[in-house]
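Note sheet for the following structure.
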Amino acid sequence: EKQKTIQKRGKQAPNRSKDVKGRSGKQSSATSNVPSGKGHSKQKAVNAHRDNANSFEKLITHMHFTQRGRKFGRQEVRNGKKRFVDETTSAQPQAGMETASTEISKQHHGADPIDKAGNVDPRVGDSTAMDDTEQAEAPDAAAEALDCGEAEADEGCKWHSAAYAAQFDTEWTEDSLNARADSQGKHVLELPGLGPVQLRLPDSEPLPIDRRWGVAAALTPAAAQLKALGVLPALRERWVAARGAHALAPAAASLLQAVGGYRDVLHTCASASDIEKDGLVHALALHALQHLIVSTRQRLRHDRKKAEVRDQGFTRPRLLVLLPFRSHALAFLNAMLALLPANYEQVENRRRFESEFSEAEDAPKVAAAKPEDYRQLFDGNSDDCFRCGVRLTRKSTKLYASFYAADLVIASPLGVRLGMGDEGDKRRDIDFLSSIEMVLALHADIFLMQNWAHVADIFGSLNKLPTKSHDTDFNRVRVYSLDGQAMRVRQTVILSALASPELIALIERSCFNVSGRMVTVPETAQGRIALAPRSVRQAFMRFEASDPTTLADVRLSEFKQRMLPTLLRALETGPEAQTLLFIPSYFDFVRVRELLKKEDVPFEAISEYTTPKATARIRSALQQRRLGGLLLYTERAHFFHRHKLRGARHVAFYGLPLYAHFYAELLQMVADGGVAGSTCAALFCRLDLLQLDRLVGKERAARMISDNETSFVFH
């Protein structure tokens with residue numbers, strides 16, 4: 001086997017010259033000692049020559065060549081068994097020069113396996129005897145090795161990642177995983193482009209980035225910068241070709257530094273504009289692509305060598321990318337395909353993918369009157385039900401592969417949820433999630449506006465033991481996967497425009513990566529209340545609640561006792577006192593709607609399920625001041641439509657909005673109505689601290705939560 005490897009390496013020597021026996025039967029002087037075999041139309045041998053570029057002497061004489069799957073030589077019968085004997089080993093090298101395979105063998109083994117007569121040292125073994133399987137694999141092995149370039153003889157060295165090997169190829173046991181998790185220490189660091197972050201790292205690891213590194217990063221070319229970040233050479237070249245040689249944005253470099261060590265990341269300051277401006281999508285596409293190529297090459301290499309190693313999970317999918325809209329999936333996959341190495345010559349079904357994920361030509365355009373962030377978010381195909389499997393081979397990429405034949409699954413939470421099936425259904429299938437090694441969730445704040453239950457269900461199904469075998473070679477499955485510990489080495493990266501209790505609970509309760517975690521700390525010094533019109537009197541009313549499980553009931557009770565009577569008194573003053581009641585959660589919307597029906601309070605409602613015709617009727621009645629009651633308005637409806645609701649004099653917030661800028665937008669609608677004496681009232685509690693921070697600023701929020709007073713007025 002060692003000699004066979006040496007001979008495969010010899011095939012890659014640069015500037016090799018060949019003397020090949022012609023059809024006339026004549027041979028060159030370099031192969032005059034090789035007996036001709038019957039039935040063979042061609043024999044090959046290589047003359048010695050000196051490489052003028054690097055003055056390295058190479059002579060390749062002991063090589064195997066195939067012709068239509070056959071080998072030059074003869075069959076011998078020893079002890080009743082047939083074996084193949086390669087007759088090219090009798091060829092003599094030219095005087096005064098050693099073979100390249102001999103020189104390489106000396107460097108690796110310290111002994112010369114081939115003597116001067118060309119005989120194989122018995123201590124090394126007769127590598128010329130190969131079975132039919134090995135003969136068939138030899139050409140593919142040489143082609144695989146040539147993909148790594150002339151400078152590297154072993155194709156594994158070019159596609160080896162130390163970070164990947166440390167994370168996934170380590171023979172983890174439950175005790176070693178527990179020890180690594182227990183050794184994690186907490187740190188606070190300022191990262192360029194990301195701001196203050198909270199780190200949880202094993203004590204054996206250094207901090208992921210030096211405090212002064214960010215200053216030097218802006219002056220470093222991209223190639224050297226990516227090399228320092230652990231990106232492989234071929235991907236560095238593709239990055240420079242696709243993105244340019246200029247340095248990475250500080251946020252992208254810091255993010256790559258964090259994810260390169262396979263740590264979990266929760267970045268809660270990544271708005272849609274920041275993701276585009278800082279190139280965060282391209283940075284994560286680069287990290288994901290390197291992970292896929294390294295793992296795929298390692299598996300193919302072990303398949304070719306028939307190595308008995310544990311290098312995979314139960315099923316093939318290893319990477320899950322969750323995105324809210326088709327336009328986001330198109331941008332991510334295009335970024336990844338642009339970074340594919342040059343040897344990936346074909347991308348199957350790409351035209352179909354671009355057709356289905358791009359915006360249709362006859363689709364209505366986003367109105368120019370909409371806010372800029374809305375136009376940026378919904379400018380494209382905003383369908384939220386999709387899934388697509390991507391499969392990587394040695395030289396091609398296939399889109400629309402089935403889940404169990406794919407390496408990467410890129411989908412929306414709804415698309416994955418439909419692929420899983422319903423809980424309790426006999427046809428429910430979550431086995432394709434059993435071997436996920438990395439999860440990327442981009443624009444995760446939008447998941448809160450869709451259906452967070454789908455995200456929770458997906459994360460609850462990751463890395464579970466499969467219910468079926470799915471043709472799994474269990475001799476290749478990693479031990480920690482068999483032990484049900486795969487979730488403890490899985491990497492999760494979440495990018496969101498804001499922090500929320502759901503996202504924090506997800507990273508705390510569903511992510512157990514023993515390599516650590518990085519969480520960015522949002523900076524909210526002033527808050528969005530500064531953008532609200534000063535003509536509207538704003539009052540905040542605090543109520544006490546400390547248990548999330550009873551929060552909905554307590555909030556409804558406080559609304560009924562403290563806010564609803566005030567709203568009813570305002571309605572009695574006349575049609576000009578129309579009131580807009582903003583409700584963040586749809587579940588709370590249903591509770592309030594039933595309460596108003598029970599109390600016989602007149603109202604209209606606009607939710608995400610209201611038809612366009614009904615919405616137009618209600619907006620017209622509000623503007624003409626003939627609504628005659630309250631107008632219930634959900635945050636989801638405002639997120640997906642950004643309706644202009646003119647005509648209300650008062651606005652009340654049943655709870656603080658998730659997006660703080662919605663508060664200023666609604667107050668501006670009231671101020672634009674031109675009615676004097678406009679007011680705003682909002683309910684909040686201690687559990688709304690994150691929303692309150694974004695709205696009034698961190699310092700004022702802390703005072704409002706801890707102060708003895710329960711009412712606060714802003715003029």
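Numbering starts at 1 and runs along the sequence shown. Everything numeric in this text was worked out from a predicted model, so none of it was measured.
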Checklist line | Taking every non-hydrogen atom, the tightest pair across Ala406 and Ala401 | finding: CB-CB, 4.2 Å
Check: Angle class for the Phe378/Phe325 ring planes (parallel below 30°, perpendicular above 60°, tilted otherwise)?
Finding: tilted
Checklist line | Side-chain heavy-atom pair Leu256, Leu248 within 4.5 angstrom cut-off | finding: yes
Notebook entry, point to check: Quick one: does NZ or CZ of Arg243 land under 6.0 Å from the six-membered ring centre of Trp239, within 45 degrees of the ring axis?
Noted result: yes
Note to self: What's the separation between atom CG in Asp407 and atom OG1 in Thr296, rounded to the nearest 0.5 Å?
What the structure shows: 4.5 Å
Margin query: For Gln491 and His287: C-alpha separation, side-chain torsions, deciding distance, then whether side chain to side chain donor-acceptor pair (under 3.5 Å) applies.
Written below: CA-CA 12 Å; Gln491 183 184 32; His287 175 62; 2.9 Å; yes
Check: Roughly how far, to the nearest 0.5 Å, is CG of Leu232 from NZ of Lys227?
Finding: 12.0 Å
Next item on the list: Would you please name every residue forming a side chain to side chain donor-acceptor pair (under 3.5 Å) with Asn463, sequence neighbours left out?
Entry: Arg490
Note to self: I'd like to know whether CD of Glu354 has more than 12 heavy-atom contacts from other residues, nucleotides or ligands below 6.0 angstrom.
What the structure shows: yes
Next item on the list: Measure from NZ or CZ of Arg488 to the centre of the six-membered ring of Tyr480, then state whether that distance is under 6.0 Å and the direction lies within 45° of the axis.
Entry: no
Checklist line | Pairing of Asp383 and Arg326 as salt bridge, 4.0 angstrom limit | finding: yes
Check: For Phe357 and Asn381, which heavy atoms make the closest approach, and how far apart are they?
Finding: O-CB, 3.4 Å
Check: Quick check: does any side chain N or O of Gln312 sit under 3.5 Å from a backbone N or O of Arg299, one acting as donor and the other as acceptor?
Finding: no
Notebook entry, point to check: Does Glu437 reach the main-chain N or O of Pro317 with its side chain, forming a donor-acceptor pair under 3.5 Å?
Noted result: no
Note to self: With heavy-atom distances below 4.5 Å as the criterion, would you say the side chains of Arg236 and Gln225 are in contact?
What the structure shows: no
Margin query: Does any part of the side chain of Leu377, heavy atoms only, come nearer than 4.5 Å to the side chain of Ile446, both counted from C-beta?
Written below: yes
Margin query: Under 4.0 Å between a side-chain nitrogen and a carboxylate oxygen: does that hold for Arg310 and Asp473?
Written below: no
Next item on the list: Please report the shortest heavy-atom distance between Gly261 and Ser515, naming the atom on each side.
Entry: O-CB, 4.0 Å
Item checked: Donor-acceptor pair, side chain of Ser176 and main chain of Trp172, under 3.5 angstrom -> no
Check: Any salt bridge between Glu356 and Arg351, counting N to O under 4.0 Å?
Finding: no
Item checked: Between CD on residue Gln167 and CG on residue Asn513, distance to nearest 0.5 Å -> 5.0 Å
Next item on the list: Using a strict 4.0 Å threshold on nitrogen-to-oxygen distance, state whether Asp311 and Arg476 make a salt bridge.
Entry: yes
Checklist line | Criterion side chain to side chain donor-acceptor pair (under 3.5 Å) on Asp431 and Ser434, from CA distance to verdict | finding: CA-CA 5 Å; Asp431 290 352; Ser434 62; 5.8 Å; no
Notebook entry, point to check: Shortest non-hydrogen contact from Ala331 to Val281?
Noted result: O-CG1, 4.4 Å
Notebook entry, point to check: Can you list the steps and then say if Ser435 with Arg318 is a side chain to side chain donor-acceptor pair (under 3.5 Å)?
Noted result: CA-CA 6 Å; Ser435 301; Arg318 302 185 299 281; over 6 Å; no
Item checked: Considering all heavy atoms, the nearest Ala163-Gly260 contact -> CB-O, 3.3 Å
Next item on the list: Using the six-membered ring wherever Trp is involved, compare the ring planes of Tyr164 and Phe168 and label them parallel, tilted or perpendicular (cut-offs 30° and 60°).
Entry: tilted
Note to self: Quick one, Ile293 and Leu235 - any side-chain contact, counting heavy atoms below 4.5 Å?
What the structure shows: yes
Checklist line | Point-to-point distance, once rounded to the nearest 0.5 Å, from CE of Met438 to CG of Asp264 | finding: 10.5 Å
Check: Among all residues two or more places apart in sequence or in another chain, which pass the side chain to side chain donor-acceptor pair (under 3.5 Å) test with Glu359?
Finding: none
Margin query: Rounded to the nearest 0.5 Å, what separates atom CZ in Phe332 from atom CG in Leu284?
Written below: 6.5 Å
Next item on the list: Could you go through the side chain to side chain donor-acceptor pair (under 3.5 Å) check for His470 and Thr315 one step at a time?
Entry: CA-CA 7 Å; His470 301 285; Thr315 54; over 6 Å; no
Next item on the list: Enter the distance from Phe403:CZ to Met420:CE here, rounded to the nearest 0.5 Å.
Entry: 10.5 Å
Check: Do the side chains of Leu442 and Leu322 get nearer than 4.5 Å, heavy atoms only?
Finding: no
Notebook entry, point to check: Between Asn349 (side chain) and Leu399 (backbone), is there a donor-acceptor pair under 3.5 Å?
Noted result: yes
Notebook entry, point to check: Going by heavy atoms in the side chains, are Thr492 and Leu266 under 4.5 Å from each other?
Noted result: no
Next item on the list: Walk me through it: do Glu345 and Ser396 pass the test side chain to side chain contact (heavy atoms under 4.5 Å, CB included)?
Entry: CA-CA 6 Å; Glu345 303 168 351; Ser396 66; over 6 Å; no
Item checked: Val347 side chain reached by Leu340 side chain, heavy atoms, under 4.5 Å -> yes
Check: Could you walk me through whether Leu462 and Leu320 pass the side chain to side chain contact (heavy atoms under 4.5 Å, CB included) check?
Finding: CA-CA 10 Å; Leu462 291 172; Leu320 175 64; 4.2 Å; yes
Note to self: Under a 3.5 Å distance rule, please check whether Asp278 uses its side chain to pair with a backbone N or O of Ala251 as donor and acceptor.
What the structure shows: no
Next item on the list: Say whether, by atom type as modelled, one donor and one acceptor occur between the side chain of Ser295 and the main chain of Leu292 under 3.5 angstrom.
Entry: yes
Notebook entry, point to check: For the side chain of Arg517 and the backbone of Val265, is there at least one donor-acceptor N/O pair under 3.5 Å apart?
Noted result: no
Margin query: Could you check whether any side-chain N or O of Asn334 sits under 3.5 Å from a backbone N or O of Leu330, counting only pairs where one atom can act as donor and the other as acceptor?
Written below: yes
Note to self: Tell me whether Ser412 contacts the main-chain N or O of Asp384 through its side chain, where contact means a donor paired with an acceptor under 3.5 Å.
What the structure shows: yes
Checklist line | Donor-acceptor under 3.5 Å (Ser496 side chain, Ala499 main chain) | finding: no
Checklist line | For the student: nearest non-hydrogen atoms of Leu408 and Leu333, plus distance | finding: CD2-CD1, 4.5 Å
Note to self: Any non-hydrogen side-chain atom of Cys269 less than 4.5 Å from a side-chain atom of His267?
What the structure shows: yes
